[in-house]
Amino acid sequence: MPPDAHRDRILILDFGSQYTQLIARRIRERGVYCEIHPPRMTVDGEGFGMDAAAVKDWSPAGLVLSGGPSSVLDAGAPGLDPAVLELGLPTLAICYGLQLLAHDLGGRVESAEDREYGRARLRVERRDPLLGDAGAESHVWMSHGDRVLALPEGFEVVATSDNSPFAGVRHPGRRIWGLQFHPEVVHTEGGGEILARFVHEVCGCGSSWTMEAFIDEAVGRVREQVGEGRAICGLSGGVDSSVAAALVHRAVGERLTCIFVDHGLMREGERAQVESEFREHLGIELVCVDASARFLAALAGVTDPERKRRIIGHLFIEVFEEEARRIGAERGSVDFLVQGTLYPDVIESISVRGPSATIKTHHNVGGLPERMRLRLVEPLRELFKDEVREVGRRLGLHEVLVGRHPFPGPGLAIRVIGEVTAERLAILRRADAILIEEIRRAGLYDAIWQAFAVFLPIQSVGVMGDERTYEDAIALRCVTSVDAMTADWSRLPPEVLATVSSRITNEVKGVNRVVYDVSSKPPATIEWE
(Lines give C-alpha, C1' and ligand atoms only; values in the text may rest on other atoms or scores of the structure.)
Protein backbone atom coordinates (compact mmCIF):
# COMPACT_ATOMS: atom_id res chain seq x y z
CA MET A 1 0.00 0.00 0.00
CA PRO A 2 1.17 3.55 -0.68
CA PRO A 3 1.75 6.00 2.18
CA ASP A 4 -1.51 7.15 3.81
CA ALA A 5 -0.52 10.80 3.41
CA HIS A 6 -0.85 10.54 -0.36
CA ARG A 7 -4.57 9.93 -0.70
CA ASP A 8 -4.60 11.43 -4.20
CA ARG A 9 -2.70 8.81 -6.14
CA ILE A 10 -2.56 7.25 -9.57
CA LEU A 11 -1.94 3.57 -10.28
CA ILE A 12 0.04 2.64 -13.40
CA LEU A 13 -0.32 -0.93 -14.64
CA ASP A 14 2.86 -1.74 -16.55
CA PHE A 15 2.63 -3.89 -19.68
CA GLY A 16 6.37 -3.74 -20.29
CA SER A 17 6.97 -0.42 -22.04
CA GLN A 18 10.43 1.08 -21.91
CA TYR A 19 8.67 4.39 -21.23
CA THR A 20 6.59 3.35 -18.20
CA GLN A 21 8.91 4.99 -15.68
CA LEU A 22 8.62 8.21 -17.67
CA ILE A 23 4.84 8.16 -17.18
CA ALA A 24 5.35 7.95 -13.42
CA ARG A 25 7.94 10.71 -13.39
CA ARG A 26 5.75 13.05 -15.46
CA ILE A 27 2.81 12.49 -13.09
CA ARG A 28 4.95 13.02 -9.99
CA GLU A 29 6.32 16.23 -11.50
CA ARG A 30 2.73 17.47 -11.28
CA GLY A 31 2.66 16.85 -7.52
CA VAL A 32 0.66 13.62 -7.71
CA TYR A 33 1.90 10.40 -6.12
CA CYS A 34 1.83 7.31 -8.35
CA GLU A 35 3.20 3.79 -8.39
CA ILE A 36 3.92 1.22 -11.08
CA HIS A 37 2.64 -2.34 -10.70
CA PRO A 38 2.26 -5.25 -13.10
CA PRO A 39 -1.23 -6.44 -14.04
CA ARG A 40 -2.36 -9.78 -12.68
CA MET A 41 -0.54 -12.51 -14.60
CA THR A 42 1.19 -15.85 -14.28
CA VAL A 43 4.88 -16.46 -14.96
CA ASP A 44 6.38 -19.96 -14.67
CA GLY A 45 3.25 -21.15 -12.91
CA GLU A 46 3.36 -18.44 -10.25
CA GLY A 47 0.80 -15.64 -10.14
CA PHE A 48 1.65 -12.05 -9.28
CA GLY A 49 0.48 -8.53 -10.02
CA MET A 50 -2.75 -6.64 -9.42
CA ASP A 51 -6.26 -7.90 -10.08
CA ALA A 52 -9.44 -5.89 -9.50
CA ALA A 53 -9.48 -6.62 -5.76
CA ALA A 54 -5.89 -5.40 -5.36
CA VAL A 55 -6.58 -2.28 -7.42
CA LYS A 56 -9.65 -1.49 -5.33
CA ASP A 57 -7.67 -2.01 -2.11
CA TRP A 58 -4.95 0.34 -3.37
CA SER A 59 -7.69 2.97 -3.81
CA PRO A 60 -6.31 5.08 -6.67
CA ALA A 61 -7.98 8.21 -8.02
CA GLY A 62 -7.23 7.04 -11.55
CA LEU A 63 -5.62 4.31 -13.61
CA VAL A 64 -3.03 4.38 -16.40
CA LEU A 65 -2.48 1.38 -18.67
CA SER A 66 1.02 1.60 -20.13
CA GLY A 67 2.37 0.62 -23.50
CA GLY A 68 4.31 -2.57 -24.07
CA PRO A 69 6.31 -4.54 -26.65
CA SER A 70 3.84 -7.44 -27.00
CA SER A 71 1.03 -7.89 -29.48
CA VAL A 72 -2.44 -8.32 -27.95
CA LEU A 73 -2.96 -11.01 -30.61
CA ASP A 74 -0.15 -13.22 -29.29
CA ALA A 75 -0.79 -16.15 -26.98
CA GLY A 76 0.46 -15.30 -23.51
CA ALA A 77 0.43 -11.52 -24.08
CA PRO A 78 -0.09 -9.63 -20.78
CA GLY A 79 -3.73 -8.87 -20.14
CA LEU A 80 -6.02 -7.07 -17.72
CA ASP A 81 -8.45 -8.47 -15.19
CA PRO A 82 -11.79 -7.48 -16.85
CA ALA A 83 -13.21 -6.55 -13.46
CA VAL A 84 -10.68 -3.69 -13.17
CA LEU A 85 -12.65 -1.68 -15.72
CA GLU A 86 -15.84 -2.28 -13.74
CA LEU A 87 -14.42 -0.32 -10.80
CA GLY A 88 -15.38 2.90 -12.57
CA LEU A 89 -11.94 4.52 -12.28
CA PRO A 90 -10.93 7.22 -14.76
CA THR A 91 -8.60 5.35 -17.10
CA LEU A 92 -5.93 6.45 -19.57
CA ALA A 93 -4.75 3.66 -21.90
CA ILE A 94 -1.53 4.33 -23.82
CA CYS A 95 -0.46 2.45 -26.97
CA TYR A 96 -0.60 -1.26 -26.00
CA GLY A 97 -3.10 -0.28 -23.32
CA LEU A 98 -5.41 1.14 -26.00
CA GLN A 99 -5.04 -1.94 -28.20
CA LEU A 100 -5.74 -4.18 -25.20
CA LEU A 101 -8.95 -2.31 -24.36
CA ALA A 102 -10.10 -2.38 -27.98
CA HIS A 103 -9.40 -6.11 -28.17
CA ASP A 104 -11.01 -6.99 -24.83
CA LEU A 105 -14.09 -4.78 -25.16
CA GLY A 106 -15.22 -5.97 -28.59
CA GLY A 107 -13.29 -3.80 -31.01
CA ARG A 108 -10.91 -5.08 -33.68
CA VAL A 109 -7.11 -5.07 -33.64
CA GLU A 110 -4.73 -6.33 -36.29
CA SER A 111 -0.99 -6.64 -36.65
CA ALA A 112 0.25 -3.96 -39.03
CA GLU A 113 2.71 -4.85 -41.79
CA ASP A 114 4.91 -1.90 -40.92
CA ARG A 115 5.60 -0.72 -37.38
CA GLU A 116 4.81 2.96 -36.91
CA TYR A 117 7.74 4.49 -35.09
CA GLY A 118 8.67 8.14 -34.79
CA ARG A 119 7.08 11.55 -35.02
CA ALA A 120 3.56 11.98 -36.38
CA ARG A 121 1.21 14.94 -36.71
CA LEU A 122 -1.83 14.70 -34.45
CA ARG A 123 -5.08 16.49 -35.28
CA VAL A 124 -7.79 16.91 -32.62
CA GLU A 125 -11.13 16.16 -34.27
CA ARG A 126 -13.42 17.23 -31.43
CA ARG A 127 -13.04 19.19 -28.21
CA ASP A 128 -11.67 16.97 -25.48
CA PRO A 129 -10.75 17.48 -21.79
CA LEU A 130 -7.32 15.92 -22.38
CA LEU A 131 -6.37 16.89 -25.93
CA GLY A 132 -7.89 20.36 -26.18
CA ASP A 133 -9.81 22.19 -28.89
CA ALA A 134 -10.98 20.72 -32.18
CA GLY A 135 -8.63 21.55 -35.03
CA ALA A 136 -5.55 21.79 -32.85
CA GLU A 137 -2.46 20.12 -34.32
CA SER A 138 0.79 18.97 -32.71
CA HIS A 139 3.62 16.52 -33.17
CA VAL A 140 3.49 13.30 -31.15
CA TRP A 141 5.64 10.18 -30.78
CA MET A 142 4.33 6.88 -32.13
CA SER A 143 5.79 3.45 -31.33
CA HIS A 144 3.51 0.53 -32.10
CA GLY A 145 3.11 -2.55 -34.30
CA ASP A 146 -0.56 -3.46 -33.83
CA ARG A 147 -3.29 -1.06 -34.88
CA VAL A 148 -6.93 -0.63 -34.00
CA LEU A 149 -9.30 -1.23 -36.93
CA ALA A 150 -12.63 -0.82 -35.14
CA LEU A 151 -13.58 0.71 -31.80
CA PRO A 152 -15.65 -1.06 -29.15
CA GLU A 153 -19.21 0.08 -28.63
CA GLY A 154 -19.52 3.45 -26.92
CA PHE A 155 -16.07 4.72 -27.93
CA GLU A 156 -15.61 7.74 -30.19
CA VAL A 157 -12.68 9.24 -32.08
CA VAL A 158 -11.07 12.30 -30.54
CA ALA A 159 -7.88 12.64 -32.61
CA THR A 160 -6.31 11.22 -35.75
CA SER A 161 -2.92 11.12 -37.44
CA ASP A 162 -1.97 10.33 -41.04
CA ASN A 163 -1.50 6.64 -40.24
CA SER A 164 -3.74 6.27 -37.18
CA PRO A 165 -7.46 7.00 -37.57
CA PHE A 166 -7.82 6.16 -33.87
CA ALA A 167 -4.84 8.11 -32.49
CA GLY A 168 -7.00 9.40 -29.63
CA VAL A 169 -10.32 7.87 -28.49
CA ARG A 170 -12.63 8.07 -25.49
CA HIS A 171 -15.69 6.54 -23.88
CA PRO A 172 -17.35 9.59 -22.29
CA GLY A 173 -19.75 7.63 -20.10
CA ARG A 174 -17.05 5.42 -18.58
CA ARG A 175 -14.32 8.12 -18.40
CA ILE A 176 -11.91 5.99 -20.43
CA TRP A 177 -9.37 7.52 -22.83
CA GLY A 178 -7.04 5.75 -25.23
CA LEU A 179 -3.98 7.23 -26.95
CA GLN A 180 -2.07 5.51 -29.73
CA PHE A 181 0.91 7.81 -29.10
CA HIS A 182 3.15 8.29 -26.03
CA PRO A 183 2.40 11.54 -24.13
CA GLU A 184 5.16 10.84 -21.60
CA VAL A 185 8.15 11.27 -23.96
CA VAL A 186 9.74 14.62 -24.72
CA HIS A 187 9.12 14.15 -28.46
CA THR A 188 5.36 14.60 -27.89
CA GLU A 189 4.44 18.28 -27.84
CA GLY A 190 2.30 19.09 -24.83
CA GLY A 191 2.47 15.52 -23.56
CA GLY A 192 3.08 16.62 -19.98
CA GLU A 193 -0.03 18.82 -20.12
CA ILE A 194 -2.11 15.86 -21.33
CA LEU A 195 -1.05 13.82 -18.30
CA ALA A 196 -1.57 16.83 -16.02
CA ARG A 197 -5.13 17.32 -17.26
CA PHE A 198 -5.83 13.63 -16.74
CA VAL A 199 -4.64 13.54 -13.12
CA HIS A 200 -5.91 16.97 -12.04
CA GLU A 201 -9.04 17.67 -14.08
CA VAL A 202 -10.32 14.17 -14.82
CA CYS A 203 -9.16 12.35 -11.67
CA GLY A 204 -9.48 15.37 -9.37
CA CYS A 205 -6.05 14.95 -7.75
CA GLY A 206 -4.43 17.75 -5.79
CA SER A 207 -0.68 18.38 -5.65
CA SER A 208 0.18 16.88 -2.28
CA TRP A 209 3.25 14.96 -3.44
CA THR A 210 6.13 17.24 -2.45
CA MET A 211 9.58 16.45 -1.16
CA GLU A 212 8.91 18.45 2.00
CA ALA A 213 5.90 16.25 2.74
CA PHE A 214 7.92 13.15 1.87
CA ILE A 215 10.72 14.06 4.29
CA ASP A 216 8.32 14.65 7.17
CA GLU A 217 6.56 11.35 6.54
CA ALA A 218 9.76 9.36 5.94
CA VAL A 219 11.36 10.66 9.15
CA GLY A 220 8.30 9.54 11.09
CA ARG A 221 8.36 6.09 9.49
CA VAL A 222 12.06 5.62 10.26
CA ARG A 223 11.60 6.67 13.88
CA GLU A 224 8.76 4.21 14.24
CA GLN A 225 10.74 1.40 12.59
CA VAL A 226 14.06 1.90 14.40
CA GLY A 227 12.63 2.84 17.78
CA GLU A 228 15.51 2.88 20.26
CA GLY A 229 17.68 0.62 18.12
CA ARG A 230 20.98 1.38 16.39
CA ALA A 231 21.55 1.50 12.63
CA ILE A 232 24.54 1.38 10.33
CA CYS A 233 24.82 2.60 6.75
CA GLY A 234 27.38 1.67 4.13
CA LEU A 235 28.34 4.96 2.52
CA SER A 236 29.69 4.87 -1.00
CA GLY A 237 29.97 8.62 -1.41
CA GLY A 238 27.24 8.48 -4.06
CA VAL A 239 23.92 10.31 -4.05
CA ASP A 240 21.66 7.45 -2.95
CA SER A 241 23.52 6.25 0.14
CA SER A 242 24.37 9.82 1.16
CA VAL A 243 20.77 11.02 1.05
CA ALA A 244 19.54 7.86 2.79
CA ALA A 245 22.07 8.42 5.57
CA ALA A 246 21.15 12.09 5.99
CA LEU A 247 17.44 11.24 6.17
CA VAL A 248 17.92 8.47 8.74
CA HIS A 249 20.23 10.71 10.77
CA ARG A 250 17.48 13.32 10.95
CA ALA A 251 15.22 10.61 12.36
CA VAL A 252 17.51 8.82 14.85
CA GLY A 253 20.48 11.14 15.36
CA GLU A 254 23.57 9.65 16.98
CA ARG A 255 22.14 6.13 16.84
CA LEU A 256 23.25 6.00 13.21
CA THR A 257 26.84 5.14 12.32
CA CYS A 258 28.01 5.37 8.71
CA ILE A 259 30.78 3.14 7.42
CA PHE A 260 32.85 4.23 4.45
CA VAL A 261 34.95 1.42 3.00
CA ASP A 262 37.82 2.99 1.07
CA HIS A 263 38.62 0.31 -1.49
CA GLY A 264 41.20 2.47 -3.23
CA LEU A 265 39.06 2.61 -6.36
CA MET A 266 37.55 6.06 -5.77
CA ARG A 267 38.05 9.23 -7.76
CA GLU A 268 40.48 11.95 -6.82
CA GLY A 269 39.74 13.54 -3.43
CA GLU A 270 36.60 11.47 -2.90
CA ARG A 271 37.34 10.17 0.58
CA ALA A 272 38.20 13.65 1.84
CA GLN A 273 34.96 14.99 0.37
CA VAL A 274 32.87 12.32 2.11
CA GLU A 275 34.61 12.92 5.45
CA SER A 276 34.09 16.68 5.19
CA GLU A 277 30.43 16.40 4.18
CA PHE A 278 29.39 13.93 6.86
CA ARG A 279 31.63 14.73 9.82
CA GLU A 280 32.06 18.47 9.54
CA HIS A 281 28.97 19.63 7.66
CA LEU A 282 26.24 17.21 8.82
CA GLY A 283 27.74 16.01 12.11
CA ILE A 284 27.07 12.34 11.34
CA GLU A 285 29.27 9.70 12.95
CA LEU A 286 31.47 8.28 10.20
CA VAL A 287 33.93 5.39 10.35
CA CYS A 288 36.40 5.19 7.46
CA VAL A 289 38.14 1.89 6.77
CA ASP A 290 41.22 1.95 4.53
CA ALA A 291 41.09 -1.41 2.77
CA SER A 292 42.74 -0.29 -0.47
CA ALA A 293 45.69 -2.67 -0.12
CA ARG A 294 43.34 -5.65 0.39
CA PHE A 295 41.32 -4.81 -2.69
CA LEU A 296 44.36 -4.28 -4.91
CA ALA A 297 45.84 -7.58 -3.76
CA ALA A 298 42.57 -9.40 -4.49
CA LEU A 299 42.37 -7.86 -7.97
CA ALA A 300 45.96 -8.65 -8.95
CA GLY A 301 46.08 -10.40 -12.30
CA VAL A 302 42.29 -10.26 -12.82
CA THR A 303 41.12 -8.98 -16.21
CA ASP A 304 37.58 -10.33 -16.58
CA PRO A 305 35.08 -7.57 -15.67
CA GLU A 306 32.56 -9.92 -14.06
CA ARG A 307 35.29 -11.43 -11.86
CA LYS A 308 36.30 -7.91 -10.85
CA ARG A 309 32.75 -7.16 -9.77
CA ARG A 310 32.40 -10.38 -7.81
CA ILE A 311 35.74 -9.92 -6.05
CA ILE A 312 34.96 -6.32 -5.13
CA GLY A 313 31.41 -7.15 -4.00
CA HIS A 314 32.46 -10.09 -1.82
CA LEU A 315 35.42 -8.26 -0.29
CA PHE A 316 33.29 -5.19 0.39
CA ILE A 317 30.85 -7.37 2.33
CA GLU A 318 33.71 -8.98 4.23
CA VAL A 319 35.22 -5.64 5.26
CA PHE A 320 31.81 -4.15 6.08
CA GLU A 321 30.91 -7.15 8.26
CA GLU A 322 34.17 -6.87 10.18
CA GLU A 323 33.56 -3.20 10.92
CA ALA A 324 29.90 -3.75 11.81
CA ARG A 325 30.88 -6.42 14.34
CA ARG A 326 33.46 -4.10 15.85
CA ILE A 327 30.92 -1.27 16.17
CA GLY A 328 28.41 -3.66 17.73
CA ALA A 329 30.96 -4.90 20.25
CA GLU A 330 32.01 -1.38 21.25
CA ARG A 331 28.68 0.48 21.25
CA GLY A 332 25.97 -2.09 21.71
CA SER A 333 23.88 -4.20 19.39
CA VAL A 334 23.28 -2.97 15.83
CA ASP A 335 19.76 -3.81 14.68
CA PHE A 336 19.25 -2.06 11.34
CA LEU A 337 21.00 -1.60 8.01
CA VAL A 338 20.28 1.53 5.97
CA GLN A 339 20.30 1.08 2.19
CA GLY A 340 19.76 3.59 -0.59
CA THR A 341 17.29 1.46 -2.56
CA LEU A 342 15.39 3.57 -5.11
CA TYR A 343 12.02 3.07 -6.76
CA PRO A 344 13.45 1.88 -10.12
CA ASP A 345 15.13 -0.99 -8.21
CA VAL A 346 11.74 -1.92 -6.74
CA ILE A 347 10.04 -1.72 -10.14
CA GLU A 348 12.56 -4.05 -11.74
CA SER A 349 11.93 -6.67 -9.06
CA ILE A 350 8.21 -6.84 -9.89
CA SER A 351 8.28 -5.99 -13.59
CA VAL A 352 5.93 -7.60 -16.11
CA ARG A 353 9.03 -8.13 -18.20
CA GLY A 354 10.15 -10.82 -15.77
CA PRO A 355 13.77 -11.96 -15.37
CA SER A 356 15.98 -10.28 -17.94
CA ALA A 357 19.21 -11.48 -19.45
CA THR A 358 22.26 -10.34 -17.53
CA ILE A 359 24.14 -7.75 -19.56
CA LYS A 360 26.49 -7.25 -16.66
CA THR A 361 26.22 -7.36 -12.91
CA HIS A 362 24.74 -4.11 -11.60
CA HIS A 363 27.28 -1.39 -10.91
CA ASN A 364 26.28 -1.02 -7.27
CA VAL A 365 27.60 -3.43 -4.68
CA GLY A 366 24.97 -6.04 -3.79
CA GLY A 367 23.14 -6.56 -0.53
CA LEU A 368 24.74 -7.84 2.63
CA PRO A 369 24.43 -11.51 3.65
CA GLU A 370 21.49 -12.80 5.66
CA ARG A 371 23.77 -13.96 8.47
CA MET A 372 24.15 -10.34 9.58
CA ARG A 373 20.46 -10.54 10.60
CA LEU A 374 19.93 -6.81 10.26
CA ARG A 375 16.54 -5.39 9.39
CA LEU A 376 16.59 -3.17 6.33
CA VAL A 377 15.76 0.53 6.46
CA GLU A 378 15.11 1.77 2.92
CA PRO A 379 13.78 5.32 3.25
CA LEU A 380 14.12 6.18 -0.45
CA ARG A 381 12.44 3.16 -2.01
CA GLU A 382 9.49 5.31 -3.20
CA LEU A 383 11.67 7.83 -5.05
CA PHE A 384 13.16 8.33 -8.48
CA LYS A 385 16.69 9.70 -8.80
CA ASP A 386 15.66 13.29 -9.44
CA GLU A 387 13.44 13.18 -6.35
CA VAL A 388 16.33 11.81 -4.28
CA ARG A 389 18.51 14.73 -5.35
CA GLU A 390 15.81 17.19 -4.29
CA VAL A 391 15.45 15.47 -0.91
CA GLY A 392 19.22 15.73 -0.47
CA ARG A 393 19.13 19.47 -1.16
CA ARG A 394 16.34 19.96 1.35
CA LEU A 395 18.29 17.99 3.94
CA GLY A 396 21.22 20.36 3.55
CA LEU A 397 23.64 18.25 1.51
CA HIS A 398 25.98 20.29 -0.66
CA GLU A 399 25.22 20.49 -4.39
CA VAL A 400 28.62 19.04 -5.30
CA LEU A 401 27.42 15.79 -3.72
CA VAL A 402 23.71 15.64 -4.59
CA GLY A 403 24.29 16.84 -8.14
CA ARG A 404 27.18 14.53 -8.89
CA HIS A 405 27.13 12.11 -11.78
CA PRO A 406 26.41 8.42 -11.14
CA PHE A 407 29.44 6.41 -10.06
CA PRO A 408 29.59 2.59 -10.10
CA GLY A 409 30.03 0.63 -6.87
CA PRO A 410 33.16 -1.16 -8.16
CA GLY A 411 34.58 2.30 -8.81
CA LEU A 412 37.50 2.82 -11.14
CA ALA A 413 38.15 -0.93 -11.33
CA ILE A 414 35.68 -1.21 -14.21
CA ARG A 415 37.11 1.87 -15.88
CA VAL A 416 40.55 0.32 -16.00
CA ILE A 417 40.26 -2.08 -18.90
CA GLY A 418 42.24 -5.20 -18.04
CA GLU A 419 44.25 -5.67 -14.86
CA VAL A 420 43.83 -3.10 -12.09
CA THR A 421 47.14 -1.80 -10.73
CA ALA A 422 48.09 1.12 -8.52
CA GLU A 423 49.92 2.77 -11.41
CA ARG A 424 46.95 2.50 -13.78
CA LEU A 425 44.56 3.78 -11.13
CA ALA A 426 46.77 6.81 -10.53
CA ILE A 427 46.83 7.61 -14.25
CA LEU A 428 43.07 7.20 -14.59
CA ARG A 429 42.30 9.16 -11.43
CA ARG A 430 44.21 12.22 -12.64
CA ALA A 431 42.83 12.03 -16.20
CA ASP A 432 39.29 11.74 -14.85
CA ALA A 433 39.80 14.74 -12.56
CA ILE A 434 41.02 16.84 -15.48
CA LEU A 435 37.93 15.95 -17.52
CA ILE A 436 35.58 16.88 -14.69
CA GLU A 437 37.46 20.12 -13.98
CA GLU A 438 37.19 21.24 -17.59
CA ILE A 439 33.51 20.42 -18.14
CA ARG A 440 32.71 22.23 -14.88
CA ARG A 441 34.78 25.20 -16.03
CA ALA A 442 32.84 25.22 -19.31
CA GLY A 443 29.50 25.13 -17.43
CA LEU A 444 28.57 21.75 -18.95
CA TYR A 445 28.60 19.45 -15.92
CA ASP A 446 24.89 19.64 -15.10
CA ALA A 447 23.88 19.16 -18.75
CA ILE A 448 25.72 15.82 -18.89
CA TRP A 449 24.29 12.68 -17.29
CA GLN A 450 27.69 11.04 -16.83
CA ALA A 451 31.25 11.98 -17.72
CA PHE A 452 34.34 9.92 -17.01
CA ALA A 453 37.68 8.68 -18.31
CA VAL A 454 38.60 5.10 -19.14
CA PHE A 455 42.13 3.66 -19.03
CA LEU A 456 42.92 1.68 -22.18
CA PRO A 457 45.82 -0.78 -21.98
CA ILE A 458 46.60 -0.06 -25.61
CA GLN A 459 49.98 1.47 -26.22
CA SER A 460 50.60 3.52 -29.31
CA VAL A 461 53.42 5.52 -30.84
CA GLY A 462 53.64 9.20 -30.02
CA VAL A 463 56.06 12.08 -30.11
CA MET A 464 56.85 14.34 -27.16
CA GLY A 465 59.47 16.95 -27.80
CA ASP A 466 62.09 15.30 -29.95
CA GLU A 467 61.50 11.85 -28.48
CA ARG A 468 59.41 8.95 -29.68
CA THR A 469 57.03 7.56 -27.03
CA TYR A 470 55.10 4.32 -26.72
CA GLU A 471 52.49 4.89 -24.05
CA ASP A 472 48.91 4.23 -22.97
CA ALA A 473 45.64 5.79 -24.15
CA ILE A 474 42.72 7.39 -22.30
CA ALA A 475 39.15 7.29 -23.61
CA LEU A 476 36.68 9.99 -22.61
CA ARG A 477 33.00 9.05 -22.18
CA CYS A 478 30.31 11.75 -21.81
CA VAL A 479 26.63 10.92 -22.29
CA THR A 480 23.24 12.58 -22.01
CA SER A 481 20.34 10.59 -20.64
CA VAL A 482 17.13 10.78 -18.62
CA ASP A 483 17.27 7.51 -16.71
CA ALA A 484 20.32 5.61 -18.08
CA MET A 485 18.05 3.11 -19.86
CA THR A 486 19.09 4.81 -23.10
CA ALA A 487 21.84 7.37 -23.62
CA ASP A 488 23.42 9.42 -26.36
CA TRP A 489 26.98 10.68 -26.54
CA SER A 490 27.40 14.32 -25.58
CA ARG A 491 28.40 16.76 -28.31
CA LEU A 492 31.08 18.57 -26.31
CA PRO A 493 32.42 21.74 -27.92
CA PRO A 494 35.66 21.00 -29.82
CA GLU A 495 37.56 23.57 -27.78
CA VAL A 496 36.63 21.79 -24.54
CA LEU A 497 37.76 18.43 -25.92
CA ALA A 498 40.97 20.04 -27.16
CA THR A 499 41.71 21.48 -23.71
CA VAL A 500 41.02 18.20 -21.95
CA SER A 501 43.19 16.24 -24.38
CA SER A 502 46.04 18.73 -24.14
CA ARG A 503 45.99 18.76 -20.35
CA ILE A 504 45.90 14.96 -20.05
CA THR A 505 48.75 14.33 -22.47
CA ASN A 506 50.84 17.08 -20.86
CA GLU A 507 50.01 16.51 -17.20
CA VAL A 508 49.48 12.75 -16.90
CA LYS A 509 52.71 10.83 -17.20
CA GLY A 510 52.34 7.67 -19.29
CA VAL A 511 49.56 8.86 -21.63
CA ASN A 512 50.20 10.06 -25.17
CA ARG A 513 46.77 9.60 -26.76
CA VAL A 514 43.20 10.65 -25.89
CA VAL A 515 40.12 9.40 -27.77
CA TYR A 516 36.41 10.34 -27.46
CA ASP A 517 33.69 7.68 -27.32
CA VAL A 518 30.83 8.49 -29.73
CA SER A 519 28.75 5.36 -29.04
CA SER A 520 25.13 5.55 -27.93
CA LYS A 521 23.22 3.15 -25.66
CA PRO A 522 22.12 0.90 -27.26
CA PRO A 523 24.13 -0.69 -28.79
CA ALA A 524 26.89 0.19 -26.32
CA THR A 525 26.47 0.44 -22.57
CA ILE A 526 27.45 3.61 -20.72
CA GLU A 527 30.29 1.94 -18.82
CA TRP A 528 32.97 0.11 -20.80
CA GLU A 529 32.97 -2.91 -18.47
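There is no side-chain donor-acceptor pair under 3.5 Å between T505 and N512. A donor-acceptor contact closer than 3.5 angstrom links the side chains of S236 and S241. When only modelled atom types and interatomic distance are considered, E387 and W209 share a side-chain donor-acceptor pair under 3.5 Å. In this structure, a donor-acceptor pair under 3.5 Å is absent between the side chains of S292 and D262.
Counting heavy atoms from C-beta outward, R197 and H200 have side chains that stay 4.5 Å or more apart. The shortest distance between side-chain heavy atoms of V185 and H182 falls below 4.5 Å. Counting heavy atoms from C-beta on, the side chains of F295 and F316 come closer than 4.5 Å. For the pair P408 and E527, the minimum side-chain heavy-atom distance is below 4.5 Å. Counting only heavy atoms from C-beta outward, the side chains of L395 and R250 approach each other to under 4.5 Å. Contact check for L179 versus L98: no side-chain heavy atoms found under the 4.5 Å cut-off. You'll find the side chain of N163 stays beyond 4.5 Å of the side chain of R147, heavy atoms only. Considering only heavy atoms from C-beta on, L444 comes within 4.5 Å of L492 through its side chain.
Evaluated for a side-chain contact (heavy atoms from CB on, under 4.5 Å) with L397, the options L282, V391, V239 yield exactly one hit, L282. Partner of L476 under the side-chain contact (heavy atoms from CB on, under 4.5 Å) criterion, chosen from I434, D517, V515, L497: L497.
Judged by distance alone, the side chain of S502 and the main-chain N or O of T499 form no donor-acceptor pair under 3.5 Å. Judged by distance alone, with hydrogens and angles left aside, the side-chain atoms of S242 form a donor-acceptor pair with the main-chain N or O of G238 at under 3.5 Å. No donor-acceptor pair closer than 3.5 Å links the side chain of Y19 to the backbone N or O of G68. A donor-acceptor pair is defined here as one N or O able to donate and one able to accept, closer than 3.5 Å; no such pair exists between the side chain of T469 and the backbone of E471. At distances below 3.5 Å, not a single donor-acceptor pair connects side-chain atoms of T188 with backbone N or O atoms of G191. R28 contributes a side-chain N or O that, together with a main-chain N or O of C34, makes up a donor-acceptor pair within less than 3.5 Å. Remark: the backbone N or O of W489 is paired with a side-chain donor or acceptor of R491 at under 3.5 angstrom. Panel note: side chain K308, backbone A413; a donor-acceptor pair is recorded below 3.5 Å. A donor-acceptor pair under 3.5 Å is formed between the side chain of H405 and the backbone N or O of I448.
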Checklist entry - Would K385 and D240 count as a side chain to side chain contact (heavy atoms under 4.5 Å, CB included) if you check the C-alpha gap in whole Å, the side-chain angles of each, and the deciding distance to 0.1 Å? => result CA-CA 8 Å; K385 191 78 166 189; D240 304 341; 2.9 Å; yes
Checklist entry - Can you check side chain to side chain contact (heavy atoms under 4.5 Å, CB included) on V500 and V514, steps first, answer last? => result CA-CA 9 Å; V500 174; V514 175; 5.5 Å; no
Item to check | side chain to side chain contact (heavy atoms under 4.5 Å, CB included) assessment of S161 paired with M142 | outcome: CA-CA 10 Å; S161 70; M142 297 282 189; 3.5 Å; yes
Next on the checklist: As a quick check of understanding, evaluate side chain to side chain contact (heavy atoms under 4.5 Å, CB included) for L247 and F214, giving each step before the final call.
Outcome noted: CA-CA 11 Å; L247 186 58; F214 169 82; 4.1 Å; yes
Item to check | Trace of the side-chain hydrogen bond (donor to acceptor under 3.5 Å, both in side chains) decision for E184 with Q21 | outcome: CA-CA 9 Å; E184 67 272 23; Q21 290 190 31; over 6 Å; no
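Partners of L425 according to the side-chain contact (heavy atoms from CB on, under 4.5 Å) rule, which considers only residues two or more places apart in sequence or in another chain, are L265, L296, L412, V416, V420, R429. Remark: R440 pairs with V400, I436, Y445 by the side-chain contact (heavy atoms from CB on, under 4.5 Å) rule, at least two apart or across chains. H187 pairs by the ring-ring contact (aromatic ring centres under 6.0 Å, His included) definition with W141, not counting sequence neighbours.
For the pair R415 and F452, the cation-pi test (distance below 6.0 Å, angle within 45°) is passed.
R294 and E322 are joined by a salt bridge, as a carboxylate oxygen and a charged side-chain nitrogen come within less than 4.0 angstrom of each other. A salt bridge links E390 to R394: at least one charged side-chain nitrogen sits closer than 4.0 Å to a carboxylate oxygen. A salt bridge between D386 and R25 is present, with a side-chain N of the basic residue lying under 4.0 Å from a carboxylate O of the acidic one. Of the charged side-chain nitrogens involved, none lies within less than 4.0 Å of a carboxylate oxygen, so that R309 and E529 do not count as a salt-bridged pair.
Distance CG/D345 to CD/Q339: 10.0 Å, rounded to 0.5 Å. Remark: E378 CD to L383 CG distance equals 12.0 Å, nearest 0.5 Å. In this structure, K521 NZ and S519 OG are separated by 13.0 Å, a value rounded to the nearest 0.5 Å. In this structure, CZ on R430 lies 9.5 Å from CD1 on I504, to the nearest 0.5 angstrom. Note that CD of E189 is 10.5 Å distant from CD1 of I194, once rounded to the nearest 0.5 Å. Atom CD1 in I27 sits 6.0 Å away from atom CD1 in I10 (nearest 0.5 Å).
Between E419 and R424, the shortest heavy-atom distance links the atoms O-NH1, 2.9 Å. Residues V338 and A244 come closest through the heavy atom pair CG1-CB, 4.0 Å. Pairing each heavy atom of W528 with each of I417, the nearest pair is CB-CD1, 3.8 Å. The shortest non-hydrogen separation linking S460 to R513 is OG-NE, 2.8 Å. T480 approaches S490 most closely through the heavy-atom pair CG2-OG, 3.4 Å. Smallest separation of non-hydrogen atoms from C95 and G67: CB-CA, 4.1 Å.
The number of heavy atoms from other shown groups lying within 6.0 Å of CD (E423) does not exceed 12. Few gaps surround CZ on R326; more than 12 heavy atoms of other groups in view lie less than 6.0 Å from it. The 12-atom threshold is exceeded at NE2 of H139, counting heavy atoms of other residues, nucleotides or ligands nearer than 6.0 Å. In E507, the CD atom is crowded: over 12 heavy atoms of neighbouring residues, nucleotides or ligands sit closer than 6.0 Å.
Ring-plane geometry between F15 and Y96 is classed as tilted, the angle between the planes lying from 30 to 60 degrees on a 0 to 90 degree scale.
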